[in-house]
> 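Have a look at this one before I ask anything.
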Amino acid sequence: MKVVIIGGVAGGATAAARLRRLDEEAEIVILERGKYISYANCGLPYYIGDVIKEKESLTLQTPKKFYERFRIQVKIKHEATAIHPDTKTITVKNLEDGTIYEENYDKLILSPGAEPVKIPLEGVEDKRIFSLRNIPDTFAIKEFIETKKPKRAVVVGGGYIGVEMAENLSHGGMEVTIVEFTKHVIGPLDEDLACDVHRYLKSKGIHLELGNGVKAFHPKEEEIEVELSEGILKADMVLLSVGVRPDTALAKEASLRVNERGAIIVNEFMQTSNPHIYGLGDAVQIQNYVTKAEGYIPLAGPANKQGRIAADHICGISKTYKGTQGSSILKVFDMTIAMTGIHEEEAIRQGLDYDSVCVFSSSHASYYPGASNMTIKIIFENKSGRLLGAQIVGFEGVDKRCDVLATAIRGGMTAFDLTELELCYAPPFSSAKDPVNMAGYVIENILTGKVKQVHWKDVQYMEIGKNNLLLDVRTKAEYEGGHIEGALHIPVDELRENLDKLDDKDKTVYVHCQSGLRSYIACRILNQKGYNCYNVDGGYRLYETMVYDKKFDGTLKHICGINV
C-alpha cells in the first residue's frame, strides 16, 4: 500500500507517523511545498518577541530525522499541482529544479492547512506590511525588526495571533495599536469577558481601535499611513492578522466536495467525497461537538487527532472523529485567556434554550500569599443544566480550570456534576471549594429555584425606581469607592434590620454586590421575607468593567442615573 500525504505540520506529520506505527510495510510519502515538514506554528510570535531564542527550536522534525525513525520519504519543496482521482495520481512540481512528474497513490491524505486572508486594499503590497503563517514569514518579520528598528506597529485583527503579536512587538519596544473591525478582541470570547482583556491590554500600553476597520494603506518614505473608517494611524510596520481560510484549491479542482467557505467536507473517518482521499486539519469542515452544527475551527489539537483517525481508517481501524469542541488558550503578557465549547452568540444563533453565569474566584486559598482572581463564565442549557461552553480570564490557574470544564463538556456533564467533582486541594493550589465547584453551585441554585438571576445587559432595559429597586449590599467602603447612582445601599450584614427601607413588597428588587456571592445571600433573605428578588449576575465588578470599556454607550447611565 502506498499513501501520499500533501502537507506536513500538525495533521500530515501525525498521520504519517501513525501510519508507520500501524503498518511497517506501507510506502509513505509526504509532499511539502515549503522548506519545513513540521514546525511549532503556535510558537512563531514568541520567536519574534525573543522569548524563544533559537531558530532551531521552531523546527520539530526534519526530513532526515523523519526518515531515520519512521522510514518515511519527505519531499520538501515539492508542490502538488493537480490531483487525478480517476487514475490515483498526483502531478508534482519540484520547486528546486522545475521538473514535473506524476506520483501515484493507493490512499491520499490532504493536509494543506489554511492561508491568511488577504485584504484587497490600496497599498497592501508594501514590504513593511506583513502576515504571519509560517517560518519564512517569521524570519522576514524578525529580520525587518532587527535591521529597520521600527518604533510604531499597527496590528490589523484582534484574534489569537494578532493579540499575541501585539504583546511580542511591545516587548520589542514598539508602540502597538490593535485595529479590530468588531467590537472586541478574541472572537470566541463574549463581550463581557473581553472587557477584562481590553482593560488589561490598555494597562500594558496597547492601544485599541475597536469597531473600526482599515480602508487603505498609504505608504510614505518614512512611514505607512493606515487609513481607518474613523481616523488615520501612522506606523513603521503593519501586521495583517484578519483570519485564515482553507487552502483547498487542489481539492476543488479535483471535484471534491467543499462547503461555501471552501473547507473540504469529510465524514467521521475523515474521508472526502472520494473514499480513497482523506482530508484533515485547517482545510476541512468540522462538526461542532456541542451543537452538532457544521463549522470551521482551525486548531492544532483537532488536526493531530484527525490525522490519527485518518491513518487508523486507512489501516482498517474504524475509530471516528466526534467533533471539534474549540478548546483554546492564549497568553497575553501575564494574563491567561481560555475557552471551550460555544459562546453566547453561537447559542443564540443555534436557537438554544440557555443561560449563563459569571463567577469571580481566587486561583487558590485567599489566605495563602499570591492568590489572584479569575472570571469564569459558563454557558449552560436551561432545565437540564448541560454544559455548553466556558470562558475564563485571569492569571494563575486558568488553564487547569478550563481543562476541567472542557473534559466535563466532552463527557456530557451538567452543572450538577460540577458540584460533585473532587478536585485536588491544598492552599497553594486551590480552595476546598474549587472555582469549578463554585460555578456549579451557582448554576445549581438557579436551576433549582433557590435564586433568580438577571444580567446587566437586561438590567439596562429596566426602569429602575418605578416598580423596580436596585439594591447595593456591599460594604460602606466599597460603596463610597464607586457605585450606581439611584441604588439603595444596605450592607448585607445589616439587611435584616433595615427591611423597612425597601418600601413595599410590590417592587421587584435587583440586588448586587461586588461579585454575586453576598447578593445571593441577600436574595435568600429577601425571598424568604416575601420579596420578589433577583441576583444581578457578575455584580458591580462586571458592571464597572463594562462601563470602563464604554460598552453601554450611556444606556445604563440614562436608565440608572449612573455617573461615569
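Throughout, numbering of the chain's residues begins at 1 and tracks the sequence. Not measured: the values here are computed from a predicted model. Worth knowing before you read on, the calculation uses all heavy atoms, side chains too, and leaves out hydrogens, waters and symmetry mates.
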> Assign the ring pair Tyr200 / Phe333 to parallel, tilted or perpendicular, where the plane angle (0 to 90°) is split at 30° and 60°.
perpendicular
> So, Tyr354 versus Glu344: side-chain donor-acceptor pair below 3.5 Å or not?
yes
> Taking all atoms of both residues into account, what is the closest heavy-atom pair of Lys505 and Lys529, and its distance?
NZ-O, 2.6 Å
> Any chance you could measure Trp456, atom CH2, to His512, atom NE2, to the nearest 0.5 Å?
5.0 Å
> Cut-off 3.5 Å, side chains only: do Asn532 and Lys452 have a donor facing an acceptor?
yes
> Out of curiosity, Thr340 OG1 to Ile329 CD1, how far, rounded to the nearest 0.5 Å?
11.0 Å
> I need the Met165 CE to Leu240 CG distance, nearest 0.5 Å.
11.5 Å
> With the threshold set at 4.0 Å, does a side-chain nitrogen-carboxylate oxygen contact exist between Lys331 and Glu167?
yes
> Specify the closest pair of heavy atoms between Tyr368 and Pro427, including all atoms of both residues, with the distance to one decimal.
CB-O, 3.7 Å
> Check whether NZ of the Lys or CZ of the Arg Lys292 lies under 6.0 Å from the centre of the six-membered ring of Tyr289 and within 45 degrees of that ring's axis.
yes
> Give me the ring orientation class for His489 and Tyr479: parallel if the planes are under 30° apart, tilted from 30 to 60°, perpendicular past 60°.
parallel
> So, does Thr14 use its side chain to make a donor-acceptor pair with the main chain of Ala10 at under 3.5 Å?
yes
> State whether the number of non-hydrogen atoms from other residues, nucleotides or ligands found under 6.0 Å of Glu294 atom CD is greater than 12.
no
> Are side-chain heavy atoms of Ile342 and Leu352 found at a separation under 4.5 Å?
yes
> Between Glu478 and Arg518, does any side-chain N to carboxylate O distance fall below 4.0 Å?
yes
> At their closest point, which heavy atom of Tyr321 faces which heavy atom of Lys305, and how far apart are they?
CE1-CB, 4.2 Å
> Quick one: list whatever passes side-chain hydrogen bond (donor to acceptor under 3.5 Å, both in side chains) with Ser362, sequence neighbours left out.
Asn373
> Of all the heavy-atom pairs spanning Asn437 and Leu421, show the shortest one and how long it is.
ND2-O, 3.1 Å
> Could you tell me whether the side chain of Ser241 and the main chain of Gly162 form a donor-acceptor pair under 3.5 Å?
yes
> Can you tell me if CZ on Arg496 sees more than 12 non-hydrogen neighbours from other groups inside 6.0 Å?
no
> Taking CD in Glu497 as the centre, count heavy atoms belonging to other residues, nucleotides or ligands within less than 6.0 Å. Is the count above 12?
yes
> May I ask you to test the Val332-Ile186 pair for a side-chain heavy-atom distance under 4.5 Å?
no
> For the residue pair Asp537 and Ser356, what are the closest heavy atoms and their distance?
OD2-O, 4.0 Å
> Output the distance between atom CG (Leu447) and atom CG (Asn382), rounded to the nearest 0.5 Å.
7.0 Å
> Closer than 4.0 angstrom, basic N to acidic O: yes or no for Arg541 and Asp196?
yes
> Strictly by modelled atom types, are Gln391 and His343 linked by a side-chain donor-acceptor pair under 3.5 Å?
no
> For Asp282, is there an ion pair with Arg133 - N to carboxylate O distance below 4.0 angstrom?
yes
> Asp355 and His455: side-chain donor and acceptor closer than 3.5 Å?
yes
> Looking at every non-hydrogen atom in both residues, tell me the closest pair between Ala263 and Val284 and how far apart they are.
CB-C, 3.7 Å
> When rounded to the nearest 0.5 angstrom, what distance separates CD in Glu396 from CZ in Arg401?
8.0 Å
> Is there a side-chain contact between Val442 and Tyr520 in this structure, where contact means two heavy atoms from C-beta onward sitting under 4.5 Å apart?
no
> For Phe181, look at atom CZ and say whether over 12 heavy atoms of other residues, nucleotides or ligands are found less than 6.0 Å away.
no
> Hey, does Ile446 have a side-chain heavy atom less than 4.5 Å from the side chain of Ile443?
no
> Looking at Tyr540 and His483, would you say the former's side chain and the latter's main chain have a donor-acceptor pair under 3.5 Å?
yes
> Would you call Val197 and Leu201 a side-chain contact if the rule is heavy atoms closer than 4.5 Å?
yes
> Output yes when Arg199 and Glu544 qualify as a salt bridge under the 4.0 Å nitrogen-oxygen rule, no when they do not.
yes
